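Here is the structure we will look at, set down as structure tokens.
Quick caveat, the model's predicted, so the values are computed rather than measured.
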Amino acid sequence: MTRSRSASMRTGKEHLYVLQFDNGVVKMGRWTDPRARNERHARDCGRYGLTIARRWVSDEWKSAHWAEQQLIANLTKIGSRTPASREYFRDIPFSIASAPHDQ
């Protein structure tokens, strides 16, 4: 865990994000610095010949962990997880995955 994420987790200052790759897979998660996280995902998916087609980032959340768990639970009901991790989904329209989430 990076120092900035650790410090932000103590203060609760995080963002939710949803990315859709050009193969249709949706990735969601939370992070303290969405710009840096987006750059990392762009670099990593480039290694597999993919690009980020769409992205959504929330405003700052005081308790992003709870919101992330709710979003994972909701997306699990709608689509199917990929073998990559619990935060990657198939068969979910980006507009649904990135719909505004109450704080």
Side-chain angles (χ1 to χ4, degrees):
M1 182 177 312
T2 66
R3 179 180 295 173
S4 65
R5 180 152 183 185
S6 178
S8 291
M9 289 180 74
R10 286 192 298 271
T11 62
K13 305 290 185 182
E14 294 181 303
H15 300 263
L16 292 178
Y17 65 87
V18 177
L19 305 175
Q20 183 179 42
F21 301 105
D22 59 355
N23 66 355
V25 170
V26 170
K27 158 75 168 105
M28 58 77 46
R30 67 185 162 103
W31 201 253
T32 57
D33 183 350
R35 185 174 17 151
R37 189 68 169 152
N38 183 67
E39 290 171 3
R40 181 175 173 191
H41 281 303
R43 183 184 64 242
D44 290 348
C45 72
R47 294 177 183 155
Y48 301 101
L50 299 172
T51 60
I52 297 172
R54 300 171 82 181
R55 64 184 50 88
W56 171 85
V57 177
S58 74
D59 291 332
E60 236 176 30
W61 282 72
K62 186 172 183 175
S63 180
H65 177 75
W66 177 86
E68 178 188 41
Q69 297 308 307
Q70 290 298 114
L71 184 55
I72 288 171
N74 290 339
L75 296 181
T76 299
K77 293 175 187 174
I78 299 168
S80 58
R81 287 184 177 164
T82 72
S85 94
R86 65 187 187 96
E87 298 176 345
Y88 290 81
F89 297 88
R90 287 190 187 101
D91 308 320
I92 299 177
F94 182 79
S95 59
I96 292 174
S98 62
H101 304 282
D102 294 333
Q103 290 193 40

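- Environment of CZ in Arg43: crowded, with over 12 heavy atoms of neighbouring residues, nucleotides or ligands closer than 6.0 Å.
- Taking OH from Tyr17 and NE2 from His41, the interatomic distance works out to 3.0 Å, rounded to the nearest 0.5 Å.
- Side-chain contact between Leu16 and Trp56: present, with at least one pair of heavy atoms (C-beta onward) separated by less than 4.5 Å.
- There is no path of hydrophobic side-chain contacts, each under 4.5 Å, that joins Met28 to Leu50.
- Between the side chain of Ser85 and the backbone N or O of Glu87, at least one donor-acceptor pair lies under 3.5 Å.
- Pairing each heavy atom of Phe89 with each of Ile72, the nearest pair is CZ-O, 4.0 Å.
- Considering OG of Ser98 and CD of Gln20, their distance stands at 8.5 Å, rounded to 0.5 Å.
- Using cut-offs of 30° and 60° on the angle between ring planes, the pair Phe21 and Tyr88 is parallel.
- With a 4.5 Å cut-off on side-chain heavy atoms, Arg81 and Thr76 count as touching.
- Separation of atoms CD (Glu14) and NZ (Lys62) is listed at 13.5 Å; rounding is to 0.5 Å.
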Test log, rule side chain to side chain contact (heavy atoms under 4.5 Å, CB included), inputs Val26 and Leu19: CA-CA 6 Å; Val26 170; Leu19 305 175; over 6 Å; no
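- With hydrogens and angles disregarded, no donor-acceptor distance shorter than 3.5 Å links the side chain of His15 to the backbone of Pro34.
- To the nearest 0.5 Å, atoms CG (Asn23) and CZ (Arg90) are separated by 8.0 Å.
- Between Lys13 and Thr32, every side-chain heavy-atom pair lies at or beyond the 4.5 Å cut-off.
- Between Val25 and Thr82 the shortest side-chain heavy-atom distance falls below 4.5 Å.
- With 3.5 Å as the limit, one finds a donor-acceptor pair spanning the side chains of His65 and Arg30.
- Atom-to-atom distance recorded for Leu75:CG and Asp91:CG is 12.0 Å, nearest 0.5 angstrom.
- Residue Ala97 comes nearest to Leu71 through the heavy atom pair O-CD1, 4.0 Å, listed as atom of the first residue, atom of the second, then distance.
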